[in-house]
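Below is one structure, written out as structure tokens; comments come after it.
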Amino acid sequence: MSTRTHTDHDGATHDTGHAGMAPRGLDVSQHGYTLAAETAILRPGETDFRFQILGPDGRAVTAVTPIHDRKLHLIVVREDLTGFWHVHPVEEGDGIWSARLALPEAGAYRAFADIAPEALGDALTLGADLAVTGVDEPRPVPEPATSFSVDDYEVGIEGELVAGQARRVTLTVSKDGSPVTDLQPYLAAYGHLVVLRVGDLAYVHVHPDGSPGDGVTEAGPGITFHAQVPGPGTYRLFLDFKHGDVVRTAAFTAITR
């Protein structure tokens, strides 16, 4: 698995797509906080991933401020970015978190924890490398495309990512050829967008414009984000949206120069 730098990004906020923000997820530690996994070696299939967030004093963090309806968001991806999971761990007590993961294939993975320790007063994205045992067969990322199909849904994408600039990106959801105008709120938003760069896995987590119930934001078919990527490269974009009481994920590839 790749080696990552230990750097701090002062003044960052949770919505890392905003202008002037450094990429997250590259840090083993940030502001003295660390994601400490019980084990970084997992078996294929369903498994319990247990970990702690250690503070600058080396103790497990237990007091956190919720971010979009959850105390902690855990994103797990294959390092070739052909697999993506967004889960919400449960607290077992004493600062121990547990998430049920279903990682079907051997290979290298990366976990990202979005958390806002009360003592820090800001949100962090902490990363850790994982490995699933077995023979790893890396796959190339899909070619760029303007639409993605999942179940009976098609998600289209409009907009261009530009290195170092906050740009508007709109994802439009339809089902069986008809626009979806009754998206359901998921974690206090109509969609969540995670952007990751192929190679170093620089991480951007963006929330959409507006919010459910604000009297202005429509429940589809379009979900608009303002996203900024840190530099040139090939990126994977993962959109979580909820409809029919099911959360689905649409995935896209974008090349930025």
Side-chain angles (χ1 to χ4, degrees), residues 13-19 21 66-70 73-78 81-88 112 114 123 125 141-163 165-198 202-229 233-256:
T13 62
H14 179 65
D15 270 5
T16 56
H18 289 173
M21 300 303 175
I67 303 171
H68 274 249
D69 287 349
R70 293 291 188 274
H73 297 259
L74 185 72
I75 305 293
V76 178
V77 296
R78 277 181 58 95
L81 295 181
T82 61
F84 174 90
W85 297 263
H86 181 174
V87 299
H88 300 100
F112 302 90
D114 285 337
T125 298
V141 297
E143 293 294 322
T146 58
S147 66
F148 181 89
S149 297
V150 52
D151 297 334
D152 296 326
Y153 296 80
E154 184 173 273
V155 181
I157 184 169
E158 294 182 0
E160 182 182 8
L161 295 176
V162 177
Q165 299 181 26
R167 285 299 187 97
R168 179 184 175 117
V169 177
T170 299
L171 295 111
T172 303
V173 183
S174 61
K175 182 182 181 183
D176 297 325
S178 299
V180 173
T181 58
D182 58 346
L183 290 170
Q184 296 170 283
Y186 173 56
L187 305 175
Y190 285 127
H192 291 263
L193 183 66
V194 171
V195 183
L196 290 149
R197 183 163 56 189
V198 174
Y203 174 97
V204 180
H205 187 171
V206 194
H207 297 128
D209 296 347
S211 60
D214 62 8
V216 177
T217 305
E218 296 181 348
I223 312 169
T224 298
F225 302 84
H226 284 82
Q228 176 178 320
V229 294
T234 299
Y235 288 85
R236 291 282 283 162
L237 294 79
F238 300 95
L239 170 74
D240 287 334
F241 66 96
K242 185 176 181 180
H243 190 252
D245 297 326
V246 176
V247 177
R248 296 172 174 85
T249 302
F252 295 88
T253 301
I255 298 175
T256 300

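Note that the coordinates shown come from a computational prediction; the quantities given were computed from them, not determined experimentally.
- Taking the centre of each ring, H68 and H73 stay at or above the 6.0 Å mark.
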side-chain contact (heavy atoms from CB on, under 4.5 Å) between I157 and F148: does it pass, once the steps are laid out? CA-CA 9 Å; I157 184 169; F148 181 89; over 6 Å; no

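- The distance from atom CD1 of I67 to atom CG of L187, rounded to the nearest 0.5 Å, is 11.0 Å.
- Applying the side chain to side chain contact (heavy atoms under 4.5 Å, CB included) test between F225 and each of V195, L171, L237 identifies L171 as the sole match.
- Not one N or O on the side chain of E218 forms a donor-acceptor pair closer than 3.5 Å with the backbone of T181.
- Contact detail for A227 and V206: the closest heavy-atom pair is CB-CG2, 4.1 Å.
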Step by step, would you call V77 with F112 a side-chain contact (heavy atoms from CB on, under 4.5 Å)? CA-CA 9 Å; V77 296; F112 302 90; 3.9 Å; yes

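- Once rounded to the nearest 0.5 Å, the distance linking CG of L161 with OG1 of T256 reads 4.5 Å.
- When side chains are defined from C-beta on, F241 does not count as touching V246, because their heavy atoms never get closer than 4.5 Å.
- Looking at heavy atoms from C-beta onward, R236 lies in side-chain contact with V141 at the 4.5 angstrom threshold.
- Inspection of the D209 and T224 side chains reveals no N or O donor paired with an N or O acceptor under 3.5 Å.
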Go through the steps to decide whether V204 and V194 satisfy the test side-chain contact (heavy atoms from CB on, under 4.5 Å), and finish with yes or no. CA-CA 6 Å; V204 180; V194 171; over 6 Å; no

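- For the pair I255/P144, a side-chain contact is recorded, criterion being any heavy-atom separation below 4.5 Å from C-beta on.
- For the atom pair CZ of R248 and CG of L239, the computed distance is 12.5 Å after rounding to the nearest 0.5 Å.
- Two residues are said to be in side-chain contact when any heavy atoms from C-beta on lie closer than 4.5 Å; H86 and L74 fail this criterion.
- Side-chain atoms of S174 come within 3.5 Å of backbone N or O of E154 as a donor-acceptor pair.
- In this pair, H205 and Y203 present their aromatic rings perpendicular. The plane angle is above 60°, beyond the 30 to 60° band.
- The ring-ring contact (aromatic ring centres under 6.0 Å, His included) check on F238 picks up F84, with sequence neighbours excluded.
- Annotation for A188 and D69: closest pair N-OD2, 3.5 Å, computed over non-hydrogen atoms.
- Note that CG of D152 is 11.5 Å distant from OG of S178, once rounded to the nearest 0.5 Å.
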F252 vs V155, test: side-chain contact (heavy atoms from CB on, under 4.5 Å). Steps then yes/no. CA-CA 10 Å; F252 295 88; V155 181; 4.0 Å; yes

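- V180 has its side chain within reach of Y153: a pair of non-hydrogen atoms, C-beta onward, lies under 4.5 Å apart.
- Between the side chains of H192 and D240, no donor-acceptor pair of N or O atoms lies under 3.5 Å.
- Distance OH/Y190 to CG/D182: 9.5 Å, rounded to 0.5 Å.
- Atoms NE2 and OG1, from H226 and T170 in turn, are 8.0 Å apart once rounded to the nearest 0.5 Å.
- Other residues, nucleotides and ligands contribute at most 12 non-hydrogen atoms within 6.0 Å of the CD atom of E158.
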